[in-house]
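Presented below is the structure to which this report refers.
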Amino acid sequence: MSFMPNGDNATILTGQLYGRLLNETRASSLGLTKTFTYEPTTDETELRNNNTGTDVLVKRRTTTVGANVSLVLDEMTARNLAMKLLAEAVDLTQAAETGMIISEADIVAGQITKLGGKKVTNVSLQDEGANDLVVGVDYRIDAATGYITWLKAFVSVSGTYDRSEISSIDGMTTMDLMEKVQGTEIVLTCIPTNDGPRALVEEVLVTLRPSGAMNFISQDSEFQAIELEGQAQYNFDRPDAPFGTVTHYSS
């Protein structure tokens with residue numbers, strides 16, 4: 001170790017961020033990450049006394065130690081979105097079924113109808129006069145989400161449709177909003193990728209909560225970012241380094 005000034009020690013830190021939920025055995029990538037910050041914090045209590053005529057500091061004791069952690073993630077993966085929405089991500093599954101029935105009445109143009117499933121196919125609709133409805137003229141169908149948007153008014157509509165099987169390999173995830181109001185406990189590891197001095201951050205246990213709003217509609221031409229913040233916690237499974245470790249690489 002040298003303490004002489006050296007421009008080679010100047011660095012811009014970059015890295016790959018990984019997270020492991022407490023019920024997982026291995027950490028997985030959190031995707032493209034804009035920032036990962038760690039701010040150590042301490043709370044102290046001071047004893048002051050002025051018996052000598054001047055207020056002097058007699059003793060200072062640290063009462064609380066911790067750290068503030070914040071993340072800005074550039075990828076809207078299911079897990080990242082679940083952490084942002086305080087939700088539990090669960091694979092969406094669905095059994096295939098044919099000949100499912102739709103029956104609607106008093107339809108107004110601009111209304112929507114939710115079908116009984118996602119990934120629907122073979123939609124066949126007729127109005128009250130048994131006339132076949134034309135997609136793109138009478139209605140619009142979003143097959144992936146299973147929603148019909150009505151383009152005209154109808155007294156009644158009836159018909160059938162099919163829905164496809166959905167399994168875990170299809171990569172569809174559902175989550176109930178505000179299911180984990182306590183936040184998400186996750187163990188973070190950041191593997192450095194920059195040139196010059198590097199910092200390997202390992203095994204930081206943190207409870208993450210949303211920071212800022214989630215924009216489900218945004219027309220300002222900016223990519224959606226997932227912003228999270230929280231507090232590092234004492235990890236009782238690692239009493240030797242309960243708040244994680246950092247390894248410094250000089251080059």
Side-chain angles (χ1 to χ4, degrees), residues 1-24 27 30 33-74 79-80 82-87 178-214 225-251:
M1 178 184 293
S2 172
F3 297 100
M4 293 300 295
N6 183 348
D8 290 338
N9 289 328
T11 187
I12 298 176
L13 294 177
T14 60
Q16 295 284 345
L17 187 62
Y18 299 84
R20 176 178 62 82
L21 300 178
L22 299 189
N23 62 350
E24 296 175 334
L30 293 179
T33 303
K34 191 181 300 296
T35 59
F36 165 36
T37 65
Y38 185 96
E39 177 190 11
T41 60
T42 60
D43 291 330
E44 297 179 332
T45 297
E46 296 180 347
L47 173 62
R48 296 181 179 274
N49 186 277
N50 64 357
N51 290 164
T52 61
T54 302
D55 193 31
V56 296
L57 176 63
V58 177
K59 193 69 176 178
R60 176 186 290 119
R61 291 194 184 279
T62 300
T63 57
T64 306
V65 297
N68 296 324
V69 175
S70 66
L71 308 178
V72 178
L73 308 176
D74 282 332
R79 183 169 63 172
N80 292 352
M83 290 192 293
K84 179 69 173 181
L85 300 175
L86 295 175
M178 303 299 294
E179 191 176 39
K180 299 177 65 176
V181 295
Q182 74 279 8
T184 302
E185 286 188 310
I186 190 169
V187 179
L188 299 176
T189 295
C190 184
I191 299 178
T193 58
N194 59 287
D195 296 327
R198 297 181 295 160
L200 168 65
V201 184
E202 298 178 280
E203 296 294 315
V204 176
L205 174 62
V206 59
T207 298
L208 292 175
R209 297 179 178 86
S211 174
M214 178 71 197
I226 304 293
E227 299 182 20
L228 304 164
E229 62 184 11
Q231 291 77 42
Q233 298 183 41
Y234 189 100
N235 190 343
F236 288 96
D237 293 333
R238 291 173 50 88
D240 55 329
F243 288 100
T245 61
V246 171
T247 302
H248 177 267
Y249 295 80
S250 59
S251 61

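Fair warning: this is a prediction, and the values are worked out from it, not measured in the lab.
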- Would you mind listing every side chain to side chain donor-acceptor pair (under 3.5 Å) that reaches into residues 4-18, with sequence neighbours excluded? Thr11-Asn194, Thr14-Thr193
- Query: Thinking salt bridges, do Glu203 and Arg20 make one under a 4.0 Å N-O criterion?
  - Reply: yes
- Message: For a 4.5 angstrom cut-off between non-hydrogen side-chain atoms, does Leu71 reach Leu17?
- Response: yes
- Item | Side chains of Glu202 and Thr247 in contact at under 4.5 Å (non-hydrogen atoms) | yes
- Query: Of all heavy-atom pairs between Arg79 and Leu21, which one has the smallest distance, and what is that distance?
  - Reply: CD-CD1, 4.1 Å
- Message: To the nearest 0.5 Å, what is the distance between CG on Leu57 and CG on Asn49?
- Response: 10.5 Å
- Message: So Glu227 and Lys84, do their side chains get closer than 4.5 Å, heavy atoms only?
- Response: yes
- Gln231 vs Arg209 side-chain heavy atoms within contact, under 4.5 Å: yes
- Only one of Asp74, Asn80, Leu228 passes side-chain contact (heavy atoms from CB on, under 4.5 Å) with Leu30, and that residue is Asn80
- Message: Quick check for you: to the nearest 0.5 Å, what is the distance between Arg198 atom CZ and Ile191 atom CD1?
- Response: 10.0 Å
- Message: Any non-hydrogen side-chain atom of Leu22 less than 4.5 Å from a side-chain atom of Val187?
- Response: yes
- Item | Residue pair Val72 / Ala225: nearest heavy atoms and the distance that separates them | CG1-CB, 4.0 Å
- Query: Run the side-chain contact (heavy atoms from CB on, under 4.5 Å) check on Thr62 and Asp43 step by step: do they pass?
  - Reply: CA-CA 6 Å; Thr62 300; Asp43 291 330; over 6 Å; no
- Message: Can you give me the closest heavy-atom contact between Met214 and Ile226, atom names plus distance?
- Response: SD-CD1, 4.0 Å
- Note on the structure: On a heavy-atom basis, the closest approach of Thr41 and Ala67 is OG1-N, 3.6 Å
- Message: For the OG1 atom of Thr184 and the CG atom of Leu85, what is their distance to the nearest 0.5 Å?
- Response: 10.0 Å
- Is the shortest heavy-atom distance from the side chain of Val69 to the side chain of Phe36 under 4.5 Å? yes
- Message: Which heavy atom of Leu86 sits nearest to which heavy atom of Val181, and what is that distance?
- Response: CD1-CA, 4.1 Å
- Message: Measuring only between side-chain heavy atoms, which start at C-beta, is Leu188 closer than 4.5 Å to Ile186?
- Response: yes
- Message: Please find the pair of heavy atoms, one from Phe243 and one from Tyr38, that lie closest to each other, and give the distance.
- Response: O-OH, 3.7 Å
- Task: Identify, with sequence neighbours excluded, every residue that meets side-chain contact (heavy atoms from CB on, under 4.5 Å) alongside Thr45.
- Result: Thr63
- Message: With a 4.0 Å cut-off on N to O distance, would you call Lys59 and Glu44 a salt bridge?
- Response: no
